[in-house]
Every structure is written in C-alpha cells, then in structure tokens.
Amino acid sequence: MSERTAEEIAQAHKACLDGADTINVVIATHNKGNDASDGSGDTKADFAHDMTHDEKKARVTRSVGYLKYQKALTDWGSEDFTVIDAAISAADTFTG
C-alpha cells in the first residue's frame, strides 16, 4: 500500500470521528430504553430508536471494525485518537 497523502489522512481521521459518533449515539439511544424518542411531537428522533438490540449491536460492530482497521494503519502522524479510542472501548463493552 502506498503512503496516504496528508489530505487522505485528514479525511480518514474525520471518517473515524464520524464512526465514533455513530457508535456513541447508537449506545446512548439504546441506554435510553423506552425513553428513546421516535421523533413524534416536538422532539428529534433518537438515531437507531427503531432498531432491535441485535441490530444496534450489528451497527456498532460494523463501525468499530472500521475504526480498528484504520487505527492499525501506521502513517497517522499526530492525529488525536482520544475520542476514537473511547468509542472503541464503549463498542467492545456494548457488543460483548
């Protein structure tokens, strides 16, 4: 694999942050249980509110797989992985 450009690294890091956000939002919605909003009334729908627990786990599993793959690459430089590492840990706990 050839080295990524700085722009490609920045785009990949942004994609990882988006994946971390997806993981965090799915888990937060799950943790709300019956209090998760379906978007009726004046509230914004909670992402994944209509998914079963198994569907949520599958979504989180896909996202964390991407994060782990990306994180294993060795050309990151000085990007901050604090949020990404926390999402990986939360995903691993959530998916058991």
Side-chain angles (χ1 to χ4, degrees):
M1 179 175 146
S2 62
E3 263 191 60
R4 297 181 293 175
T5 66
E7 183 178 337
E8 290 169 330
I9 290 170
Q11 289 173 348
H13 190 258
K14 169 74 168 88
C16 287
L17 291 172
D18 291 345
D21 186 54
T22 297
I23 289 167
N24 293 331
V25 170
V26 170
I27 292 171
T29 296
H30 177 76
N31 289 340
K32 287 183 178 182
N34 292 334
D35 291 332
S37 173
D38 64 2
S40 60
D42 293 332
T43 60
K44 179 179 167 191
D46 287 315
F47 181 74
H49 75 278
D50 56 348
M51 290 181 175
T52 66
H53 187 217
D54 287 341
E55 290 169 333
K56 290 173 190 165
K57 284 175 76 171
R59 179 67 183 254
V60 167
T61 297
R62 284 190 305 273
S63 293
V64 79
Y66 175 77
L67 296 184
K68 288 178 178 181
Y69 167 79
Q70 286 291 328
K71 186 146 192 265
L73 298 175
T74 59
D75 62 349
W76 283 109
S78 63
E79 283 76 12
D80 184 0
F81 279 86
T82 305
V83 170
I84 295 163
D85 289 339
I88 290 170
S89 178
D92 287 346
T93 299
F94 182 72
T95 59

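- Only one option out of R59, H30, K57 pairs with M51 in a side chain to side chain contact (heavy atoms under 4.5 Å, CB included); it is R59.
- F81 has its side chain out of reach of I88: every pair of non-hydrogen atoms, C-beta onward, lies at least 4.5 Å apart.
- For the pair V83 and L17, the minimum side-chain heavy-atom distance is below 4.5 Å.
- Side-chain contact check for V60 versus T22: every heavy-atom pair is 4.5 Å or farther apart.
- Using a 4.5 Å heavy-atom threshold, the side chains of V64 and T95 count as separate.
- Checked by atom type and distance alone, the side chain of Q11 never pairs as donor or acceptor with a backbone atom of E8 at under 3.5 Å.
- Within the 4.5 Å cutoff, the side chain of I27 has no heavy atoms near those of the K56 side chain.
- Closest approach of G19 and S63 over heavy atoms only: O-CB, 4.1 Å.
- Closest heavy-atom contact between A15 and Y66: CB-OH, 3.5 Å.
- The two residues I23 and A91 come nearest to each other via the heavy atoms CG2-CB, 3.9 Å.
- Atom CZ of F94 is separated from atom OG of S89 by 14.0 Å, given to the nearest 0.5 angstrom.
- For the pair T29 (side chain) and H49 (backbone), a donor-acceptor distance under 3.5 Å is absent.
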| query | Do V25 and D46 pass the side chain to side chain contact (heavy atoms under 4.5 Å, CB included) test, and can you show the C-alpha distance, the side-chain angles, and the key distance before you say yes or no? | reply | CA-CA 8 Å; V25 170; D46 287 315; over 6 Å; no

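- Rounded to the nearest 0.5 angstrom, I9 CD1 and R4 CZ are separated by 5.0 Å.
- For the residue pair D80 and T82, a side-chain donor N or O sits within less than 3.5 Å of a side-chain acceptor on the partner.
- Contact record, E55 with D50: OE1-O, 4.2 Å, taken as the closest heavy-atom pair.
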